> 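Following this message is one structure expressed as structure tokens.
No experiment lies behind these values; they were computed from the predicted model shown.
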Amino acid sequence: MKFQKKYEEYRQRQEAKNFFNQNNDYYLKPLDYIKLSVTGIATGTVVSLVFDIIVMQLNMSFMVFYLFTGYAVAYAVLKVARYGSVKTGVICVVSYLLGLWLASAAVLVYLYQSFGASISIIHCLQMAFKGMFQADLFTYLFIFAGAFIAYTIGKD
């Protein structure tokens with residue numbers, strides 16, 4: 001009977017700890033936010049760049065890659081954060097969008113350099129930013145769905 005009582009106390013402590021971690025965002029330090037942001041942006045850039053290279057090689061566009069990128073960013077951020085909250089969900093969404101932007105700028109730099117044109121990285125970043133607003137509605141739908149996946153996984 002004593003073992004049952006100790007197990008019940010342990011389970012209640014674990015439930016209280018999980019409740020605290022889900023409902024309290026104050027346990028993350030500013031350095032943790034920097035780590036989460038850098039991890040998310042790096043993951044988003046690398047995964048998006050890999051998918052962009054696949055799309056360039058196949059000459060076909062797969063919008064599902066946006067969903068996979070959102071999942072990968074949220075997974076990496078959650079591995080660093082160890083638990084989710086609303087703030088980590090927001091960090092996942094911002095990192096996801098910045099990763100897409102930086103990857104498209106890197107592809108532009110590669111394309112310009114492969115044709116022998118000299119162009120600055122700042123100009124490629126500007127062109128990538130403008131290019132994000134010139135996509136079709138179907139692309140925006142998948143980008144939004146990837147951001148939603150990143151938020152919901154990062155929040156939990």
Side-chain angles (χ1 to χ4, degrees), residues 14 17-25 27-156:
Q14 290 299 89
K17 183 179 173 184
N18 289 337
F19 180 79
F20 176 78
N21 287 343
Q22 288 178 347
N23 296 316
N24 191 356
D25 291 335
Y27 53 86
L28 291 175
K29 300 172 188 160
L31 185 62
D32 293 334
Y33 288 114
I34 294 170
K35 286 180 187 177
L36 295 178
S37 298
V38 169
T39 301
I41 292 170
T43 303
T45 303
V46 169
V47 170
S48 183
L49 195 58
V50 167
F51 288 147
D52 284 344
I53 290 170
I54 291 171
V55 165
M56 284 173 35
Q57 294 298 321
L58 296 177
N59 287 333
M60 295 172 56
S61 180
F62 297 104
M63 299 298 168
V64 179
F65 287 160
Y66 290 119
L67 305 177
F68 293 145
T69 304
Y71 179 79
V73 168
Y75 182 78
V77 168
L78 269 175
K79 280 294 187 183
V80 173
R82 294 179 307 275
Y83 33 76
S85 68
V86 174
K87 290 182 181 179
T88 53
V90 171
I91 288 172
C92 288
V93 170
V94 171
S95 299
Y96 165 74
L97 293 174
L98 286 174
L100 290 178
W101 177 51
L102 291 175
S104 62
V107 167
L108 284 174
V109 167
Y110 170 74
L111 288 176
Y112 276 108
Q113 295 297 326
S114 67
F115 289 121
S118 103
I119 190 168
S120 70
I121 294 175
I122 301 296
H123 188 67
C124 283
L125 287 173
Q126 290 172 347
M127 287 175 35
F129 187 72
K130 289 178 187 176
M132 288 180 75
F133 294 109
Q134 295 175 351
D136 59 346
L137 184 62
F138 198 62
T139 303
Y140 287 136
L141 181 67
F142 275 93
I143 290 173
F144 177 74
F148 181 74
I149 288 172
Y151 178 76
T152 53
I153 293 174
K155 185 181 73 160
D156 294 334

> Taking all non-hydrogen atoms of both residues, which atom of V86 and which atom of Y151 are closest, and how far apart?
CG1-OH, 3.7 Å
> Can you name the residues that form a side-chain hydrogen bond (donor to acceptor under 3.5 Å, both in side chains) with T139, not counting sequence neighbours?
D136
> Quick one: closest heavy-atom pair of Y96 and G146, and the distance?
OH-CA, 3.6 Å
> With a 4.5 Å limit on heavy-atom distance, are the side chains of L36 and T88 in contact?
yes
> Can you establish whether the number of heavy atoms outside F65 located under 6.0 Å from its atom CZ is more than 12?
yes
> Against I41, only a single residue in T43, T45, V38 fulfils side-chain contact (heavy atoms from CB on, under 4.5 Å); can you say which?
T45
> Just do the side-chain contact (heavy atoms from CB on, under 4.5 Å) check on I153 and L78 with the steps written out, would you?
CA-CA 8 Å; I153 293 174; L78 269 175; 3.8 Å; yes
> Are L97 and I143 close enough that some pair of their side-chain heavy atoms sits under 4.5 Å apart?
yes
> If you compare all heavy atoms of C92 against all heavy atoms of A74, which two are closest, and at what distance to 0.1 Å?
SG-CA, 3.7 Å
> Over all heavy atoms of both residues, which pair between A147 and V93 is shortest? Give the atoms and the distance, please.
O-CG2, 3.4 Å
> State, yes or no, whether a side-chain contact exists between F51 and Y66 at a heavy-atom distance under 4.5 Å.
no
> How long is the gap from CG on D52 to CG on L100, to the nearest 0.5 Å?
8.0 Å
> Identify the heavy atoms of G99 and S48 that sit nearest to each other, and give their distance.
O-CB, 4.2 Å
> More than 12 foreign heavy atoms under 6.0 Å from CZ of F144: is that the case here?
no
> Starting from the C-alpha separation in whole Å, work towards a yes-or-no answer on side-chain contact (heavy atoms from CB on, under 4.5 Å) for F68 and V47.
CA-CA 8 Å; F68 293 145; V47 170; 5.7 Å; no
> Of all the heavy-atom pairs spanning V77 and G40, show the shortest one and how long it is.
CG2-CA, 3.7 Å
